[in-house]
Student: 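Quick one: structure below, then a few questions.
Residue numbers count from 1 along this sequence. Computed from a predicted structure; not experimentally measured.
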Amino acid sequence: TYSGLSLDRPKLNELREWVRDKQVDVVIAYTLDRLSRDPVHFIILQEELEKAGGVEVILVTETLDSSDLGKLITHIKGFAAKLEAEKIRERTIRGKRTKALSGKIPSGSHARLYGYDYIKAKVDGGAVRIVNEDEAKWVREIYHWLVEEGLSTNAITYRLRGLNVPTPSGKGYWIRSTVRKILTNPAYCGKTFAFTQTYGEPKYRMKPDTKRKKTGLIRKPREEWIEIPNATPSIISESLFEAAQKQLQRNKELSSRNTKHQYLLHGRV
């Protein structure tokens with residue numbers, strides 16, 4: 001679940017706490033790259049182990065030499081492990097990109113979309129979305145509430161809660177960000193895009209001291225998106241989607257969060 005290229009892994013953090021509390025005599029790993037795939041991170045871990053009273057590291061399938069030459073060899077092995085991890089990631093992304101260019105929806109959490117059933121193909125690895133009418137009717141309602149009634153995303157969220165509409169996950173309750181994702185996703189009018197986001201440093205953090213800096217999703221420039229034709233059947237018309245985007249922008253301009261003072265003709269002149 002967590003990349004060996006990162007030091008911020010829950011179980012590794014737990015192990016490091018045990019080391020700092022001197023509860024550990026020996027750390028056993030199957031291979032060097034199971035402990036870390038970054039040679040710099042491995043040096044950091046080694047220093048922590050040494051400072052904690054010389055905690056020993058034992059590798060099941062390799063010999064770890066503590067001499068200067070051994071440390072150099074270990075460092076080289078670490079770079080090889082990092083290179084292999086980068087190659088695996090690059091091949092995975094390339095495979096997903098090729099699948100998208102051939103008109104197939106890449107697998108992953110973003111492939112599943114509220115309002116649709118996601119069906120994997122057993123043969124060629126492709127997948128299709130088909131309309132789930134029980135959910136699609138609420139997608140249409142959300143758009144009509146925005147465009148025809150002029151409701152804000154907050155008001156739509158509370159209305160969904162009041163009507164006890166099942167959430168996309170089937171758990172918890174509706175939140176504003178979920179509603180906004182539905183209102184801004186062009187897949188609902190039949191336009192499917194892949195590779196629209198990447199990870200970057202977010203504007204705000206709940207944990208300022210996090211070790212991983214690029215934890216926020218950032219939208220890529222439109223020219224970098226890959227369109228997947230005929231991948232998603234439309235639930236709403238393109239004209240309704242465009243009207244929704246204009247209404248969202250108008251709601252943003254009229255929002256009390258964006259005004260320091262209240263004026264009678266604000267947003268109307």
Student: Out of the candidates L113, L183, L240, I142, only one should pair with Y188 under the side chain to side chain contact (heavy atoms under 4.5 Å, CB included) rule; please name it.
Tutor: L113
Student: Applying side-chain contact (heavy atoms from CB on, under 4.5 Å), name anything that partners Q245, two or more places apart in sequence or on another chain.
Tutor: T184, F241, L248
Student: I'd like to know if Y158 and L151 are part of one continuous hydrophobic network [Ile/Leu/Val/Met/Phe/Trp/Tyr, side-chain heavy atoms within less than 4.5 Å].
Tutor: no
Student: Please step through side chain to side chain contact (heavy atoms under 4.5 Å, CB included) for the pair V19 and L45, ending with a clear verdict.
Tutor: CA-CA 10 Å; V19 169; L45 292 172; over 6 Å; no
Student: Tell me whether Y143 contacts the main-chain N or O of I182 through its side chain, where contact means a donor paired with an acceptor under 3.5 Å.
Tutor: yes
Student: Any carboxylate oxygen within less than 4.0 angstrom of a Lys/Arg side-chain nitrogen, looking at E141 and R159?
Tutor: no
Student: So among K22, R20, E14, which one has a side chain to side chain contact (heavy atoms under 4.5 Å, CB included) with W18?
Tutor: E14
Student: Take N132 and Y116, measure what side chain to side chain contact (heavy atoms under 4.5 Å, CB included) needs, and give me the verdict at the end.
Tutor: CA-CA 5 Å; N132 179 323; Y116 299 92; 5.6 Å; no
Student: Applying salt bridge (Lys or Arg N to Asp or Glu O under 4.0 Å), can you list everything that pairs with R161, at least two apart in sequence or on another chain?
Tutor: none
Student: Which residue is it: V27, V24, V26? I am looking for the one with a side chain to side chain contact (heavy atoms under 4.5 Å, CB included) to L49.
Tutor: V27
Student: Group every Ile, Leu, Val, Met, Phe, Trp and Tyr by side-chain heavy-atom contacts under 4.5 Å, then state whether I44 and V55 land in the same group.
Tutor: yes
Student: Can you sort out the partners of S239 under side chain to side chain donor-acceptor pair (under 3.5 Å), two or more places apart, ordered by chain and number?
Tutor: S237
Student: Does Y30 offer a backbone N or O that forms a donor-acceptor pair with the side chain of T61 under 3.5 Å?
Tutor: yes
Student: Yes or no on side chain to side chain contact (heavy atoms under 4.5 Å, CB included) for R112 and R129, after CA distance, side-chain angles and deciding distance?
Tutor: CA-CA 8 Å; R112 289 167 177 78; R129 286 176 178 149; over 6 Å; no
Student: For Y114 and W174: C-alpha separation, side-chain torsions, deciding distance, then whether ring pair (Phe, Tyr, Trp, His ring centres under 6.0 Å) applies.
Tutor: CA-CA 12 Å; Y114 183 74; W174 284 88; 5.5 Å; yes
